[in-house]
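Written out below as structure tokens is the structure these notes cover.
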Amino acid sequence: MAVSYNRLWKLLIDKKMSKAGLRKAAGIAPNTMTKLSRDETVTLAVLEKICAVVDADFGDIMEYIPEEKHD
């Protein structure tokens, strides 16, 4: 399973908020922000905190990218 947080980064630009500002407002650890930057999975609790800060839904901050199946 792959996820992309590009929607989150675009939303932050629209809201004129930095990644550091989001991290502080949501109370997210620096290593978790690194995971987000690398499109790695994070806990649902982290995503809930982000959604609360940016007033968005899960689909507004992330996207599921299906992996290609090789037969």
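We're numbering straight along the sequence, starting at 1. From a predicted model like this one, the values you see are computed outputs, not experimental measurements.
- No continuous path of hydrophobic side-chain contacts links M17 to I13 [ILVMFWY only; heavy atoms under 4.5 Å].
- For the residue pair F58 and L47, the shortest heavy atom distance occurs at CE2-CB, 3.6 Å.
- More than 12 heavy-atom neighbours from other residues, nucleotides or ligands sit within 6.0 angstrom of NZ on K15.
- Judged by distance alone, the side chain of S37 and the main-chain N or O of M33 form a donor-acceptor pair under 3.5 Å.
- Put simply, the side chain of T34 reaches to within 4.5 Å of the side chain of R38, judged on heavy atoms.
- Put simply, the side chain of M62 does not reach to within 4.5 Å of the side chain of L8, judged on heavy atoms.
- Between the CG atom of L12 and the CG atom of L22 there is a distance of 5.0 Å, given to the nearest 0.5 Å.
- Put simply, CG on D55 and CD1 on I50 are 14.0 Å apart, with the number rounded to the nearest 0.5 Å.
- Using a 4.5 Å heavy-atom cutoff, the side chains of L44 and E48 are in contact.
- Side-chain contact between Y64 and S4 is absent, with no heavy-atom pair separated by less than 4.5 Å.
- Although no hydrogens or angles enter the test, the distance criterion places no donor-acceptor pair under 3.5 Å between the side chain of Y5 and the main chain of K35.
- In this structure, D14 places its CG atom where more than 12 heavy-atom neighbours from other residues, nucleotides or ligands lie under 6.0 Å away.
- A heavy-atom distance below 4.5 Å is found between the side chains of I61 and C51.
- Put simply, the side chain of R7 never gets that close to the backbone of E63: no donor and acceptor are under 3.5 Å apart.
- Residue K24 qualifies as open at atom NZ: its count of foreign heavy atoms under 6.0 Å is 12 or below.
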